[in-house]
Participant: 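First the structure, then my questions, so here it is.
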Amino acid sequence: MLRNLYLRQAGYSEDFIGTTLSASSVGMVLVVLTLTRFMDRLRIRGFAAAGAVLLAGGLAGVGLVSGGTALLACCFLSGVGISLLEVGS
């Protein structure tokens, strides 16, 4: 919710804000679908740490970047980080 308000205050349209939410969701779905197919063959010990790093980087990027494409990439990265953190824990 706060990210939506932050983006609205920064002057982005509601359509773009919805696209950023979709980018996060797409990142989550892609990681979960990929990892669930290979979980029995992979060691998931390091996924939580990698997820925390990616999530922190993505959220920091959302706060620091101002370009639309970079913002979408950071939202996607935070979605990937959330999924890796959940799968690894």
Participant: List the residues meeting side chain to side chain contact (heavy atoms under 4.5 Å, CB included) with Ser83, not counting sequence neighbours, and say none if there are none.
Facilitator: Met28, Val31, Val32
Participant: Tell me whether Leu77 is reachable from Val29 by hopping between hydrophobic residues (I, L, V, M, F, W, Y) whose side-chain heavy atoms are closer than 4.5 Å.
Facilitator: no
Participant: If Ile, Leu, Val, Met, Phe, Trp and Tyr residues are connected whenever their side-chain heavy atoms lie under 4.5 Å apart, and connections chain through other members, are Ile82 and Val53 in the same group?
Facilitator: no
Participant: Is there a path from Val65 to Leu59 through hydrophobic residues (I, L, V, M, F, W, Y) whose side chains come within less than 4.5 Å of each other?
Facilitator: no
Participant: Between CG of Leu71 and OG of Ser66, what distance do you get to the nearest 0.5 Å?
Facilitator: 9.0 Å
Participant: Measuring only between side-chain heavy atoms, which start at C-beta, is Leu84 closer than 4.5 Å to Leu55?
Facilitator: no
Participant: Run the ring-ring contact (aromatic ring centres under 6.0 Å, His included) test against Phe16 and tell me which residues pass, sequence neighbours left out.
Facilitator: Tyr12
Participant: Do you know which two heavy atoms are closest between Gly81 and Leu54, and how far apart they sit?
Facilitator: CA-CB, 3.9 Å
Participant: Working to the nearest 0.5 Å, report the span between CD1 of Ile17 and CG of Leu21.
Facilitator: 8.0 Å
Participant: Mind checking whether Val80 and Val87 sit in one hydrophobic cluster, side chains of I, L, V, M, F, W, Y counted as touching below 4.5 Å?
Facilitator: yes
Participant: Measuring from Leu7:CG to Glu14:CD, what's the distance to the nearest 0.5 Å?
Facilitator: 11.5 Å
Participant: Evaluate the side-chain proximity of Leu30 to Phe76: yes if any heavy-atom separation is below 4.5 Å, no if none is.
Facilitator: yes
Participant: Minimum heavy-atom separation for Ser78 to Ser24, with atom names?
Facilitator: OG-OG, 3.9 Å
Participant: Rounded to the nearest 0.5 Å, what's the gap from CZ on Arg3 to SG on Cys75? Could you check?
Facilitator: 4.0 Å
